Amino acid sequence: MAFSNSVSQTTFNTDRVLRAAVRRAKVPAAQLSSEDWAIAQDELYLLLSSLSNMGVPLWCITKVILPLYEGVGAVTMPLGVIDTLNQNFRRLQEVTGTDTDTATAHKVQFASATFVTSVGILWSATSVPVSFERSDDGVTWETIQTETPLAVTGEWTWYDLQSSVAAVYFRVTATSGTLGFSRIYLGNNPIEIPLARLNQDDYTSLPNKTFQSSQPLQFWFDRTVRYPVMNMWPVPNAAAGVCQVVAWVHRHIMDTGTLTQEIEVPQRWYDAIVAGLAARLARELVQVDAAIIPQLDSDSAVATAAAWGEERDNSPTKWAPNIAMYTA
C-alpha cells in the first residue's frame with residue numbers, strides 16, 4: 001500500500017473553507033453571486049469571532065510585554081485582547097558596558113561575556129524596524145531576532161529574546177530608517193511577581209487610587225471596547241518606569257484576510273469550522289433548502305463539541321483549596 005508520506009501539508013485556505021461549507025449546504029458554487037461569497041466571508045469572520053465566547057482556544061493564548069510609566073495607572077492592552085489569564089510584575093537586572101552610537105545602531109561592549117534576555121527601547125522618534133545582534137569580536141555578528149515595533153515618541157517597547165547566549169558585544173540596529181531613541185535598556189535575570197486581580201467594586205472602593213509605588217500589586221481589568229485596560233494599584237512611580245507587566249492573554253483569532261490565505265485555526269478544528277459555517281450560511285443564502293437546517297445544526301454541534309473536547313494541553317491539574325475562617 002502506498003501512502004503520501006506527508007502530514008499536514010494540505011493547504012486549506014479561506015476559499016477552500018467557504019466552498020466546503022457551501023457544499024455542506026447543498027448549494028452548487030456556480031449559483032452563488034459575488035454578494036453571496038461576500039456574505040460567506042462575513043459569516044466566517046463572525047463564526048471565528050464567536051469562538052471567544054465559548055472558551056479559550058489554546059492557540060489564542062499569547063504573551064504580551066506591557067510598559068509602565070511614572071504616574072500612569074492605566075495600562076492599555078493591544079488590539080484584539082479579550083481577557084488576561086495570568087499576569088506578573090517584572091523587574092530586570094540591567095547590564096551595561098561601553099556604548100557606541102551611530103544613526104542606525106546602538107552597540108554595547110561588555111567587560112566580559114554577558115547574556116541579555118530582554119531589550120527595552122524608549123523611543124525619541126517614531127519607531128522603526130530593528131534587529132538584535134550579538135558578537136564575540138565586534139566584527140562577525142549573529143542576528144538573534146528582528147522586530148517591527150509600533151511606537152511613537154516617548155513610548156517604550158520591550159522584547160524578550162528568543163535565545164540568550166553570553167557574548168562580549170550586543171547591538172540594536174535599525175533595519176530601515178534612523179534609530180531614534182532616548183534610552184536602550186538591556187536586562188537579564190528577570191524577577192516576576194504575580195499581580196492580584198480586583199473586581200470593579202473593590203477597585204472603586206480604594207481610598208487613594210493615585211497612590212504610587214515602585215511595585216504595583218493589584219489591578220482591575222476594564223474590558224472596554226477594542227482596547228481593554230489594566231488599572232494598576234499602586235500606580236507605578238519613577239522606579240517602576242523600567243519595569244514591565246508580563247501577561248498571558250486571550251486574544252481573538254486572526255482576521256480571515258484574503259481568499260488565498262489560511263484561517264488561523266489548527267487542523268483539528270477544520271471540520272468544526274466548515275460545519276458551523278454551513279449552518280450559518282443555511283440561514284443567509286436563499287438557495288439553501290430550509291429543510292436541511294436542523295441536520296446542519298446537529299452536524300455543527302457534534303463537530304464543535306469534538307473540537308472543544310480536544311482543546312486541552314494535557315498538563316496536570318493542581319487544586320489549591322482556600323480554607324478560610326467562618327462562623328456558624
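These numbers come from a predicted model, not from an experiment. Only this structure's heavy atoms are used, side chains among them; waters, hydrogens and symmetry mates stay out.
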* Do any pairs count as a side chain to side chain donor-acceptor pair (under 3.5 Å) and have a residue in residues 170-179, sequence neighbours left out, and if so which ones? -> E133-R171, E133-T173, R171-T173
Can you get from [X] to [Y] by hopping between Ile, Leu, Val, Met, Phe, Trp and Tyr side chains that sit under 4.5 Å apart?
X	Y	answer
I82	M54	no
V27	L281	yes
L18	F12	yes
I65	V81	no
F170	L92	no

Would you say that [X] contacts [Y] through its side chain, given a criterion of any heavy-atom pair below 4.5 Å between the two side chains?
X	Y	answer
L44	I263	yes
V249	I61	no
Q244	W156	no
V245	L195	yes
Y203	N231	yes
M232	F89	no
L51	I273	yes
L46	E43	yes

* **Check against salt bridge (Lys or Arg N to Asp or Glu O under 4.0 Å), R283 and D297** => CA-CA 11 Å; R283 292 169 168 79; D297 286 344; 2.6 Å; yes
* **Counterpart residues, ring pair (Phe, Tyr, Trp, His ring centres under 6.0 Å), relative to F221 (two or more places apart)** =>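 Not a single residue meets the ring pair (Phe, Tyr, Trp, His ring centres under 6.0 Å) criterion with F221.
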[X] side chain vs [Y] backbone, donor-acceptor pair below 3.5 Å:
X	Y	answer
S298	P294	no
N199	D202	yes
K209	L206	yes
T148	P129	no
S300	A279	no
S213	P216	no
T114	S112	yes
S52	S49	yes
Q9	V7	yes
D255	G257	no

Pair [X] + [Y]: basic N to acidic O under 4.0 Å:
X	Y	value
R268	E310	no
R251	E264	yes
K63	D160	yes

* Structure fact -> With sequence neighbours left out, the residues meeting salt bridge (Lys or Arg N to Asp or Glu O under 4.0 Å) with E94 are R183
Could you pull out the closest heavy-atom pair between [X] and [Y], with the gap in Å?
X	Y	answer
P190	R90	CB-CD, 3.6 Å
R223	P228	CA-CB, 4.3 Å
I253	C60	CG1-SG, 3.5 Å
W233	N208	NE1-O, 2.9 Å
S164	V116	OG-O, 3.1 Å
S124	S182	CB-OG, 3.4 Å

If you count every heavy atom of other residues, nucleotides or ligands that lies below 6.0 Å from [X] atom [atom1], does the total exceed 12?
X	atom1	answer
Y45	OH	no
W59	CH2	yes
R226	CZ	no

What's the separation between atom [atom1] in [X] and atom [atom2] in [Y], rounded to the nearest 0.5 Å?
X	Y	atom1	atom2	answer
E262	D15	CD	CG	12.5 Å
W158	L68	CH2	CG	9.5 Å
L285	R280	CG	CZ	13.0 Å
L58	H250	CG	NE2	10.0 Å
L48	W269	CG	CH2	10.0 Å

Distance-only side-chain donor-acceptor flag, [X] / [Y], under 3.5 Å:
X	Y	value
Q87	T84	yes
E147	Q145	yes
D222	T224	no
N237	Q212	no

* Do any pairs count as a ring-ring contact (aromatic ring centres under 6.0 Å, His included) and have a residue in residues 109-140, sequence neighbours left out, and if so which ones? ->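 Counting only pairs at least two positions apart or across chains, the ring-ring contact (aromatic ring centres under 6.0 Å, His included) contacts touching residues 109-140 are F132-Y159.
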* To do: Apply side chain to side chain donor-acceptor pair (under 3.5 Å) to T11 and list each qualifying residue two or more places apart in sequence or on a separate chain.
  => none
* To do: Sequence neighbours left out, what passes side chain to side chain donor-acceptor pair (under 3.5 Å) with D83? Give chain and number order.
  =>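 Side chain to side chain donor-acceptor pair (under 3.5 Å) list for D83, sorted by chain: R197.
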* Apply side-chain hydrogen bond (donor to acceptor under 3.5 Å, both in side chains) to T98 and Q109, showing your working. => CA-CA 5 Å; T98 302; Q109 180 180 357; 5.5 Å; no
* How are the rings of F181 and H106 set to each other: parallel, tilted or perpendicular (split at 30° and 60°)? ->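 Perpendicular: the ring planes of F181 and H106 meet at over 60°.
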* To do: Using the side-chain hydrogen bond (donor to acceptor under 3.5 Å, both in side chains) rule, take S135 and D137 through it: C-alpha gap first, then chi angles, then the decisive distance, then the call.
  => CA-CA 6 Å; S135 172; D137 56 12; 3.0 Å; yes
* To do: With side chain to side chain contact (heavy atoms under 4.5 Å, CB included) as the test, would you mind laying out the steps for V17 and T256 before giving the verdict?
  => CA-CA 11 Å; V17 170; T256 50; over 6 Å; no
* Run the numbers on D36 and Q287 for side-chain hydrogen bond (donor to acceptor under 3.5 Å, both in side chains), then give the verdict. => CA-CA 10 Å; D36 292 330; Q287 298 91 335; 3.1 Å; yes
* **Step-by-step side-chain hydrogen bond (donor to acceptor under 3.5 Å, both in side chains) determination, R134 to S163** => CA-CA 11 Å; R134 60 177 167 240; S163 67; 3.0 Å; yes
